[in-house]
Amino acid sequence: MPAYFSLSVEFSRYEIDYDTVKMLKSYLDYAGLRFKCGVNESENESIDEINDWNQKKLEDNYTLGYTDHRSNDYKQACFEYGGFSEIRGFFLNGSPTEKEFEFMLVIPEEEVVNDDGSYKADAIQKLKDFARILWVMPQIRTIQTGIETSDGITPESEIIAGEKPSAYPFAVISQKMFGMLQAEDYEAEQINAGGVIIIPKNRKIV
């Protein structure tokens, strides 16, 4: 995949249950994401087979070692949503902190970002609609977005301490977290389940 745009869903490791991945799948389905196929060694596997593998890896707190073959890592899948040409989904464990894990969706950046660095309004609206629905999953701590040159997500614990979430161009956080930020720096929209969609005022969406 070329340069990518990312939507990262943050979870706490303290809340892993025996059906965390299965539950996430049900919310992804509800939000409109459709499984297409597995990736690499998993290209012929079903979504249930991929999810069972990833569930076990999360329970074991697995992270890929320097000498481990990539076939031991979390399995990736391709999805369909909103007319994007490619959406790839995968788990990251212990990044940026060992107390959390992420489910990340990546999309070709050119389908979301204009040449001048502004964001495509139609694409962002689709992704906001998706995130708004997904947020109602109780285990989700934050939903953050980024581009390939950004620094990755900001953990929930750091946002509560006043650090800014990754919002290129938007993020979904709790009302409590929003209260720790400089509200005048953001356009904010209250949503269900105590969430707030925030867009930094210096992001241009056209």
Side-chain angles (χ1 to χ4, degrees), residues 1-29 31 33-81 84-109 111-112 127 130-131 134 137 139-159 163 165-168 171-172:
M1 179 178 285
Y4 62 83
F5 169 92
S6 64
L7 185 148
S8 298
V9 185
E10 181 188 8
F11 296 86
S12 168
R13 281 207 53 81
Y14 299 121
E15 295 181 338
I16 292 177
D17 203 349
Y18 71 94
D19 64 350
T20 296
V21 178
K22 183 184 295 184
M23 184 181 298
L24 174 59
K25 176 189 178 296
S26 69
Y27 280 92
L28 292 172
D29 287 345
L33 199 71
R34 296 291 176 257
F35 173 72
K36 185 176 180 182
C37 62
V39 176
N40 297 326
E41 294 85 356
S42 306
E43 62 182 355
N44 295 318
E45 295 186 9
S46 69
I47 188 60
D48 290 335
E49 291 172 316
I50 293 170
N51 285 345
D52 287 346
W53 172 277
N54 288 334
Q55 175 71 38
K56 181 64 165 57
K57 289 290 183 179
L58 287 174
E59 291 174 2
D60 292 342
N61 198 15
Y62 178 79
T63 56
L64 187 70
Y66 291 112
T67 60
D68 293 343
H69 190 269
R70 71 177 188 182
S71 62
N72 294 312
D73 205 0
Y74 296 86
K75 294 184 177 182
Q76 300 186 15
C78 286
F79 298 91
E80 296 178 338
Y81 174 78
F84 295 109
S85 66
E86 181 179 3
I87 301 178
R88 186 173 296 189
F90 52 89
F91 285 95
L92 294 174
N93 184 39
S95 173
T97 76
E98 62 183 17
K99 296 179 181 179
E100 60 85 40
F101 65 94
E102 299 171 52
F103 180 71
M104 179 180 287
L105 295 171
V106 295
I107 301 167
E109 189 175 287
E111 298 183 23
V112 182
L127 294 167
F130 171 80
L134 192 60
M137 181 176 177
Q139 289 82 1
I140 292 176
R141 314 316 301 166
T142 69
I143 300 175
Q144 301 180 53
T145 57
I147 53 178
E148 194 155 344
T149 55
S150 57
D151 294 329
I153 74 164
T154 305
E156 174 191 26
S157 58
E158 295 183 12
I159 298 174
E163 294 294 324
S166 180
Y168 293 85
V172 187

All heavy atoms of Ala171 vs all of Ser166, minimum pair found to be CB-O, 3.7 Å

**Prompt:** Can you tell me if Gln55 uses its side chain to pair, donor with acceptor, with the backbone of Asp17 under 3.5 Å?
**Reply:** yes

- Item | Expected output: side-chain Arg13 to main-chain Leu58 donor-acceptor under 3.5 Å | yes

Residues Ser6, Met104; criterion side chain to side chain contact (heavy atoms under 4.5 Å, CB included); working and verdict
CA-CA 7 Å; Ser6 64; Met104 179 180 287; 4.0 Å; yes

Tested for side-chain contact (heavy atoms from CB on, under 4.5 Å) against Phe5, the lone hit among Leu105, Val106, Leu127 is Leu127

Note: Lys75-Glu45 ion pair, threshold 4.0 Å (strictly below): yes

Quiz prompt | Check: Phe90 and Asn54 side chains under 4.5 Å, non-hydrogen atoms | solution = no

**Asked** Between Glu59 and Lys57, is the closest basic N to carboxylate O distance under 4.0 Å?
**Response** no

Distance col, row Glu100:CD vs Leu92:CG, nearest 0.5 angstrom, shows 8.5 Å

- Compute whether any side-chain donor of one residue and acceptor of the other, for Ser85 and Glu111, lie under 3.5 angstrom apart. yes

- Which is it for Ile159 and Gln144 under the side chain to side chain contact (heavy atoms under 4.5 Å, CB included) test, yes or no, and what are the steps along the way? CA-CA 12 Å; Ile159 298 174; Gln144 301 180 53; 3.9 Å; yes

* Asked: Under the 3.5 angstrom rule, does the side chain of Thr154 hit a backbone N or O of Glu163 as a donor-acceptor pair?
  -> no

- Run the numbers on Asn51 and Lys22 for side chain to side chain contact (heavy atoms under 4.5 Å, CB included), then give the verdict. CA-CA 7 Å; Asn51 285 345; Lys22 183 184 295 184; 5.9 Å; no

Exercise. Is a side-chain donor or acceptor of Glu158 paired with a backbone partner of Pro155 at a separation under 3.5 angstrom?
Worked result: no

*asked:* I want to know whether Tyr81 and Phe130 have ring centres closer than 6.0 Å.
replied: yes

Smallest heavy-atom separation, Leu134 atom then Ile140 atom, equals O-CD1, 3.2 Å

List the steps, then state whether side chain to side chain donor-acceptor pair (under 3.5 Å) holds for Thr142 with Glu10.
CA-CA 5 Å; Thr142 69; Glu10 181 188 8; 2.7 Å; yes

**Asked** For Tyr62 and Asp68, does a side-chain donor sit closer than 3.5 Å to a side-chain acceptor?
**Response** yes

Here the gap from Lys25 atom NZ to Tyr27 atom OH, rounded to the nearest 0.5 Å, amounts to 13.5 Å

Using side chain to side chain contact (heavy atoms under 4.5 Å, CB included), reason through Ile87 and Glu80 one step at a time and then give a plain yes or no. CA-CA 6 Å; Ile87 301 178; Glu80 296 178 338; over 6 Å; no

Take Phe11 and Phe101 through the ring-ring contact (aromatic ring centres under 6.0 Å, His included) test and state the conclusion after the steps.
CA-CA 5 Å; Phe11 296 86; Phe101 65 94; 5.1 Å; yes

Rounded to the nearest 0.5 angstrom, the CD-OG distance for Gln76 and Ser42 is 8.5 Å

Using the salt bridge (charged side-chain N to carboxylate O under 4.0 Å, His left out) rule, take Arg141 and Glu15 through it: C-alpha gap first, then chi angles, then the decisive distance, then the call. CA-CA 10 Å; Arg141 314 316 301 166; Glu15 295 181 338; 3.7 Å; yes

Closest non-hydrogen atoms of Ala131 and Ile143, given as atom of the first, atom of the second and distance, are O-CD1, 3.7 Å

Quiz item: So does Asp52 pair up with Lys56, basic N to acidic O under 4.0 Å?
Solution: no

Report task. Indicate yes or no for a side-chain donor-acceptor contact from Trp53 to the backbone of Asp48 under 3.5 Å, with no hydrogens or angles considered. Result -> no

Rounded to the nearest 0.5 Å, the CG atom of Leu33 sits from the CG atom of Leu28 at a distance of 5.5 Å

query = Would Phe91 and Phe103 count as a close aromatic pair, with their ring centres under 6.0 Å?
reply = yes

Separation between CZ (Phe79) and CZ (Phe35), nearest 0.5 Å, reads 7.0 Å

Separation between CG (Asp73) and CD (Glu41), nearest 0.5 Å, reads 10.0 Å

request  = Determine whether more than 12 heavy atoms belonging to other residues, nucleotides or ligands lie under 6.0 Å from atom CD of Glu98.
outcome  = no

Check: Does the side chain to side chain donor-acceptor pair (under 3.5 Å) test come out yes or no for Glu102 and Ser8, once each step is laid out?
Finding: CA-CA 6 Å; Glu102 299 171 52; Ser8 298; 3.3 Å; yes

